Amino acid sequence: MHATDSPEDHEAALRLILEMQSSASTACAYLGRHEAGIREDLENLDQDWRETLHVSRGADGRVDGAALIEWDTELDRSWVHGPWTRQGRWEQQAPGLLESVIAQAPVARHEMYAAVENVQMAWLAERCGWAAGEANFEYAKQLEDGPSDPRMANDTVRPADPADLTRLAELHEAEFPGTYASTSDLLEHGGSYSTFVHVEGGRALGYLSGQTQEADTLYVDFLAVAPDARGRGVARGLLDAAALRMGARTITLTVDEHRPDAQRVYEALGFSRVAVTRPYRMRPSD
């Protein structure tokens with residue numbers, strides 16, 4: 001398994017990634033399932049995917065496996081994209097691909113992520129001594145009629161700015177402790193996230209932070225509402241405002257297995273469950 005700076009290898013690996021991402025049984029869950037979205041996701045990684053790409057080759061010299069990685073040194077965490085291999089090559093190639101990419105990342109904690117249908121990934125995690133995390137339920141909602149409450153989208157919710165750091169940090173850190181993005185990341189000017197805050201009387205009652213995917217899809221990374229403000233339509237208003245301002249026709253998000261109350265909230269808001277995924281993590285002590 002080796003890194004490569006060959007444009008031909010990059011193109012061959014990309015073709016393999018596109019093919020493998022088309023099926024939940026061979027895809028990693030960090031990238032999309034359609035070509036335009038996959039290309040966009042790759043270009044938006046924290047590190048240039050071509051510089052972290054590692055490939056394996058078959059007896060004929062062709063690329064028959066690939067994996068890449070991105071990381072955040074502040075969070076001391078990486079995210080492995082892949083591995084992907086040709087049919088029949090998984091057990092021979094996947095462990096080496098995984099080992100080679102994590103050796104490149106200057107962090108101690110590593111994660112892979114895939115649909116539960118991807119039994120290959122479960123096998124690889126067990127083979128390499130990684131721990132399986134709790135499942136995540138993926139939800140989606142089509143916005144055929146546009147935001148349901150334009151008044152709230154325009155009047156109550158506004159884009160967050162750096163001055164909101166302190167008020168949002170309390171909500172973010174309470175709801176998502178130790179997650180992959182800090183409050184500062186969510187408010188970074190020109191960063192990956194678009195963040196919106198619901199403010200009443202100078203107090204933040206809730207916030208939403210997400211990203212645009214595949215032109216007209218809003219992926220919600222984080223949404224939290226203060227406990228004493230729940231049941232008042234704050235979550236709906238945040239979703240409506242974000243969709244309206246970002247031009248989204250579809251909203252997608254994930255909810256952890258241990259949060260059945262949140263699952264019920266999203267289902268009540270018209271979201272449908274579309275997939276179940278699971279993370280696999282290498283502990284620092286490993």
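Because the structure is predicted, anything quoted here is derived from the model rather than measured.
You'll find the side chain of Thr195 reaches within 4.5 Å of the side chain of Leu168, heavy atoms only. Annotation: side chain of Val225 is not in contact with side chain of Leu205 (no heavy-atom distance under 4.5 Å). In this structure, His81 and Glu70 have side chains that are in contact, with non-hydrogen atoms separated by less than 4.5 Å. The shortest side-chain heavy-atom distance between Val197 and Val157 does not fall under the 4.5 Å cut-off. Under the 4.5 Å side-chain criterion, counting only non-hydrogen atoms from C-beta, Glu138 is in contact with Thr277. Side-chain atoms of Leu223 and Leu253, non-hydrogen and from C-beta on, never get closer than 4.5 Å to each other. Proximity of Trp90 to Pro83: side-chain heavy atoms (C-beta onward) are separated by under 4.5 Å at one or more points. By the 4.5 Å heavy-atom criterion applied to side chains, Leu186 and His172 are counted as neighbours.
Test Tyr180, Trp130, Tyr280, Tyr30 against Glu111 for side chain to side chain donor-acceptor pair (under 3.5 Å) and you get one pass: Tyr30. In summary, of the residues considered (Leu238, Leu208, Thr254), a side-chain contact (heavy atoms from CB on, under 4.5 Å) with Val220 occurs for Leu208 alone. Across Leu165, Thr166, Asp164, a single residue satisfies side-chain contact (heavy atoms from CB on, under 4.5 Å) together with Thr183, and that is Leu165.
With hydrogens and angles disregarded, a donor-acceptor distance shorter than 3.5 Å links the side chain of Lys141 to the backbone of Leu269. Judged purely by atom type and a 3.5 angstrom limit, Asp240 has no side-chain atom pairing as donor or acceptor with the backbone of Gly237. Ser6 contributes a side-chain N or O that, together with a main-chain N or O of Asp9, makes up a donor-acceptor pair within less than 3.5 Å. Between the side chain of Arg77 and the backbone N or O of His110, no donor-acceptor pair lies under 3.5 Å. Formation of a donor-acceptor pair under 3.5 Å by the Asp256 side chain with backbone atoms of His258 is not found in this model. The backbone N or O of Thr52 sits nowhere less than 3.5 Å from a side-chain atom of Gln47 that would complete a donor-acceptor pair.
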Check against side-chain contact (heavy atoms from CB on, under 4.5 Å), Trp84 and Thr26:
CA-CA 7 Å; Trp84 304 274; Thr26 53; 5.7 Å; no
Full working for side-chain contact (heavy atoms from CB on, under 4.5 Å) between Val255 and Tyr266
CA-CA 9 Å; Val255 183; Tyr266 288 119; 3.5 Å; yes
For a salt bridge (Lys or Arg N to Asp or Glu O under 4.0 Å) check, start with the C-alpha distance between Glu175 and Arg230, then their side-chain angles and the critical distance, and finish with the verdict.
CA-CA 13 Å; Glu175 193 74 11; Arg230 292 171 185 170; 3.5 Å; yes
Go through it in stages, so that I can follow the logic: the residues are Leu218 and Thr212, the test is side-chain contact (heavy atoms from CB on, under 4.5 Å), and I'd like the CA-CA distance, side-chain angles, deciding distance and then a yes or no.
CA-CA 5 Å; Leu218 165 60; Thr212 298; 5.7 Å; no
Taking it one step at a time, do Arg39 and Glu35 satisfy salt bridge (Lys or Arg N to Asp or Glu O under 4.0 Å)?
CA-CA 6 Å; Arg39 290 180 181 273; Glu35 181 172 352; 3.0 Å; yes
Trace of the side-chain contact (heavy atoms from CB on, under 4.5 Å) decision for Leu18 with Leu14
CA-CA 6 Å; Leu18 294 175; Leu14 180 58; 4.2 Å; yes
Given Asn136 and Glu257, is the side chain to side chain donor-acceptor pair (under 3.5 Å) satisfied, shown in steps?
CA-CA 5 Å; Asn136 298 299; Glu257 187 175 20; over 6 Å; no
List the steps, then state whether salt bridge (Lys or Arg N to Asp or Glu O under 4.0 Å) holds for Arg50 with Glu11.
CA-CA 10 Å; Arg50 301 166 192 83; Glu11 184 59 32; over 6 Å; no
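Shortest non-hydrogen contact noted between Ala248 and Thr217 is CB-C, 4.4 Å. When all heavy atoms of Arg278 and Ala135 are compared, the closest pair comes out as NH1-N, 3.5 Å. Between Pro95 and Glu91, the closest heavy-atom pair is CD-O, 3.5 Å.
The aromatic rings of Phe176 and Tyr207 sit perpendicular, their planes meeting at an angle over 60°, well past the 30° parallel limit.
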Got a list of side-chain donor-acceptor pairs under 3.5 Å for residues 114-122, not counting sequence neighbours?
unit_1, atom_1, unit_2, atom_2, d
Asn118, OD1, Gln120, N, 3.3
Asn118, OD1, Met121, N, 3.1
Asn118, ND2, Ala27, O, 2.9

Can you list, pair by pair, the side-chain donor-acceptor contacts under 3.5 Å of residues 61-68, counting residues two or more places apart and other chains?
unit_1, atom_1, unit_2, atom_2, d
Arg62, NE, Asp60, OD2, 3.1
Asp64, OD1, Ser56, OG, 2.9
Asp64, OD1, Arg57, N, 3.4
Asp64, OD1, Gln93, NE2, 3.4
Asp64, OD2, Gly58, N, 3.4
Asp64, OD2, Arg89, NE, 2.8
Asp64, OD2, Arg89, NH2, 3.4
Asp64, OD2, Gln93, NE2, 3.4

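Both Ile102 and Leu124 sit in one connected hydrophobic cluster of ILVMFWY residues. Membership requires side-chain heavy atoms under 4.5 Å apart, directly or through other members. Both Leu42 and Met20 are part of a single hydrophobic cluster, where members link through side-chain heavy atoms under 4.5 Å apart. Cluster annotation: Val265 and Phe137 are assigned to the same hydrophobic cluster (Ile/Leu/Val/Met/Phe/Trp/Tyr, side-chain heavy-atom contacts under 4.5 Å, transitive). Side-chain heavy atoms closer than 4.5 Å link hydrophobic residues (I, L, V, M, F, W, Y) into clusters, and following such links, possibly through other members, connects Leu53 to Leu16. With hydrophobic clusters built from ILVMFWY side chains whose heavy atoms lie under 4.5 angstrom apart, Leu187 shares a cluster with Leu171.
Note that the CZ atom of Arg158 and the CZ atom of Arg245 stand 10.0 Å from one another [nearest 0.5 Å]. Here Ser182 contributes atom OG and Asp72 contributes atom CG; the two are 7.5 Å apart, rounded to the nearest 0.5 Å. With rounding to the nearest 0.5 Å, the separation of CH2 in Trp79 from CG in Asp46 is 7.0 Å.
Annotation: Glu134, atom CD; neighbour count of heavy atoms from other residues, nucleotides and ligands within 6.0 Å is above 12. For CD of Glu267, the number of neighbouring non-hydrogen atoms (other residues, nucleotides, ligands) closer than 6.0 Å is greater than 12.
Using a 3.5 Å distance cut-off with no hydrogens or angles, the side chains of Glu200 and His198 do pair a donor with an acceptor.
Comment: Arg203 engages Asp228 in a salt bridge, judged by a side-chain N to carboxylate O separation of less than 4.0 angstrom.
Under the ring pair (Phe, Tyr, Trp, His ring centres under 6.0 Å) criterion, Tyr193 pairs with no residue at all, not counting sequence neighbours.
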